[in-house]
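When reading the values below, keep in mind they use all heavy atoms of this one structure, side chains included, and skip hydrogens, waters and symmetry mates.
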Amino acid sequence: MNSTGDSIATPLVRGTIAAAVSLGTAIALVVVPALAAQVAGTRSTATALDAIIIALNVLVLGHGGGIVLSTGVVDGAVTLTPFGLLALLILVSTLGMRRVGGALELVRDDGVLRVRALRDAGGALGAYVGVYAIGFTVIAAIGRSSESSPVVTSAIVSGAMVAVVGGLLGLLWSLRREPTSTVPGVRVLGLLPAPYGDVARAALIALIGMLSAGMLLVLVMMLVSLPAQSSLFQTLDPGAVGGIVLTLVQLALLPLLAVWALVVALGGTIGVGTATSLSLNGSETGVLPALPLLGALPGPGDFGWWVWLLIVLPAVPVVLGALRLVRDIGDLGRRDRISAWVAYPLTVMVGVLLLAGLSTGGIGEGRLVHLGPQMATLILPLLGVVVVSTGGVLLVRVSPLVPWVQAQIAALRDRVESAERTERLGRPDGAESGADSDEEGDADDEGGAGPDTDASAEDEQDGSRDQEN
């Protein structure tokens, strides 16, 4: 079997091997820290088998599945997904299928897909997803114990979704080629028909920027509440290895809190337990799990009006994405541009709602049964932020309103400058004419005074002669 895909067995085998490697990597990511914590835990009665089972349950949660606990402390289903672990598992799948795509040589040297490239890519992806989902279902079944039980149906679905998303990203990544002096480059988004590649690029800019804004809010809150988190950490006293494991758990939950912070910044509400909520209006929180990261949540109380200024943070990435879209589609036809302007805000809103929906869940049947964004409170604020931000960019950069206003301002400025120039030129002429008239009048007076004075002198001389005679 050659690597160019002449035989369908080649992509199937490569996909199967990649799925096995990805599953092994995923297991190692959770089992190794769990065993390290069990070995170093001097006060723990858990065995190595217990640590492995706990790790497999965490792996199910990391894929987006659910588990059922009956520990006496927490009873019921746990469906809260640690986004950090989920992102890491998708990255593992992406890297695995990227290697498969590179080995299959789906793109020729001239930058064009080779013959049967799509067939081979589909075969490899199908084998990868099938083997990964089946293998993960077996892992979930192994993770059963008297206190925890993964939900097998959710494990099948979540495992297949991770494999599909990661596998597609890996195959698309393998198609990318850098341009040379003789061969044009291949860009993943460039493979989409216009203008949807440009819309996808702009939406990615907006979504990544919004998630970064949420992460920034979480980091600032963590820095502000550092003493409270330190006190919780000391109270738990996890030890050296336990502290490392606890830090890894918090890192896995950090992207989840970033999504929650984004929802709050957009004007929505998140629930942190029964009858508790957190929004820009205020915080109503109760007793929370003893996790140091949760010490970053603000205490109960109302917030000031200035907190609503945080809504600018998620609006800025939407504006940046819209500016990039306007620049990229400037050469397209009017119909394509209108399609892009409509598709961009819809894509951004769907992406945010999808992230918010995935970040919901619960822990047991107690007061933590409902955790995460309350979707009904997010839709209208999200619609306002995205539509207003996109509409503002289109109003400034696309519509004729701004050029018309600029033209009117320029015309008014020209009229004002013309009037000032005319007035400036007119005043010196009038002043000079008046001055000339005054000078001529003075000269006439002086000239007139000269003859009269001479005549008076002659009359006086004549009078003197008459007296002498």
Side-chain angles (χ1 to χ4, degrees), residues 12 15-35 38 46-94 96-97 125-168 248-249 252-253 256 354-355 357-366 368-372:
L12 292 178
T16 300
I17 295 174
V21 173
S22 297
L23 278 174
T25 305
I27 294 173
L29 287 175
V30 294
V31 170
V32 172
L35 288 176
Q38 188 273 333
T47 64
L49 180 60
D50 295 332
I52 293 175
I53 291 176
I54 292 173
L56 296 181
N57 281 270
V58 172
L59 186 61
V60 172
L61 289 176
H63 280 79
I67 62 175
V68 177
L69 297 179
S70 56
T71 63
V73 179
V74 178
D75 295 321
V78 178
T79 56
L80 193 65
T81 303
F83 269 24
L85 182 56
L86 176 61
L88 190 58
L89 294 171
I90 292 177
L91 178 61
V92 170
S93 297
T94 300
M97 284 303 294
L125 181 62
Y128 182 86
V129 173
V131 173
Y132 193 99
I134 294 173
F136 184 65
T137 303
V138 174
I139 292 172
I142 295 175
R144 291 177 175 271
S145 67
S146 59
E147 296 182 346
S148 63
S149 176
V151 181
V152 178
T153 54
S154 69
I156 296 175
V157 175
S158 60
M161 289 300 297
V162 169
V164 169
V165 173
L168 281 175
L248 292 176
V249 171
L253 292 174
L256 179 72
L354 182 61
L355 288 173
L358 290 174
S359 67
T360 60
I363 301 176
E365 297 178 352
L368 299 179
V369 66
H370 296 297
L371 296 173

What is the minimum heavy-atom distance between [X] and [Y], and which atoms define it?
| X | Y | answer |
| --- | --- | --- |
| T81 | G64 | OG1-CA, 3.5 Å |
| L256 | S359 | CD1-CB, 3.4 Å |
| T360 | G357 | OG1-O, 2.7 Å |
| G361 | T79 | CA-OG1, 3.4 Å |
| G65 | S154 | CA-OG, 3.7 Å |

Got a list of side-chain donor-acceptor pairs under 3.5 Å for residues 125-138, not counting sequence neighbours?
unit_1, atom_1, unit_2, atom_2, d
Y128, OH, S22, OG, 2.9
Y128, OH, S93, OG, 3.0
Y132, OH, H63, NE2, 2.8
T137, OG1, A133, O, 2.7

Taking it one step at a time, do I67 and L61 satisfy side chain to side chain contact (heavy atoms under 4.5 Å, CB included)?
CA-CA 7 Å; I67 62 175; L61 289 176; 4.0 Å; yes

How far does CZ of F83 sit from CG of L355, to the nearest 0.5 angstrom?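 Spacing of CZ (F83) from CG (L355) equals 6.0 Å.
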
Could you give the distance from CG (D50) to OG (S145), rounded to the nearest 0.5 Å?
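Reported value, rounded in 0.5 Å steps: 7.5 Å.
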
Pair V157-T153, side chain to side chain contact (heavy atoms under 4.5 Å, CB included): steps then yes or no: CA-CA 6 Å; V157 175; T153 54; 5.8 Å; no

Report task. Start with the C-alpha gap between R144 and V152, add the side-chain angles, then the distance that decides, and say whether side chain to side chain contact (heavy atoms under 4.5 Å, CB included) holds. Result -> CA-CA 10 Å; R144 291 177 175 271; V152 178; 3.4 Å; yes

Self-check item: Passing candidate, side chain to side chain contact (heavy atoms under 4.5 Å, CB included) with I52, options I27, V31, V30, N57
Solution: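 Among the candidates, only V31 passes.
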
Among V58, L59, L88, the one residue meeting side chain to side chain contact (heavy atoms under 4.5 Å, CB included) with L29
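Single pass found, and it is L88.
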
Would you say the side chain of P150 lies within less than 4.5 Å of the side chain of L56, judging by non-hydrogen atoms?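 With C-beta onward as the side chain, the pair stays apart.
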
Taking only residues two or more places apart in sequence, or in another chain, which ones meet T94 in a side chain to side chain contact (heavy atoms under 4.5 Å, CB included)?
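Here the qualifying residues are I90, L169, W173.
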
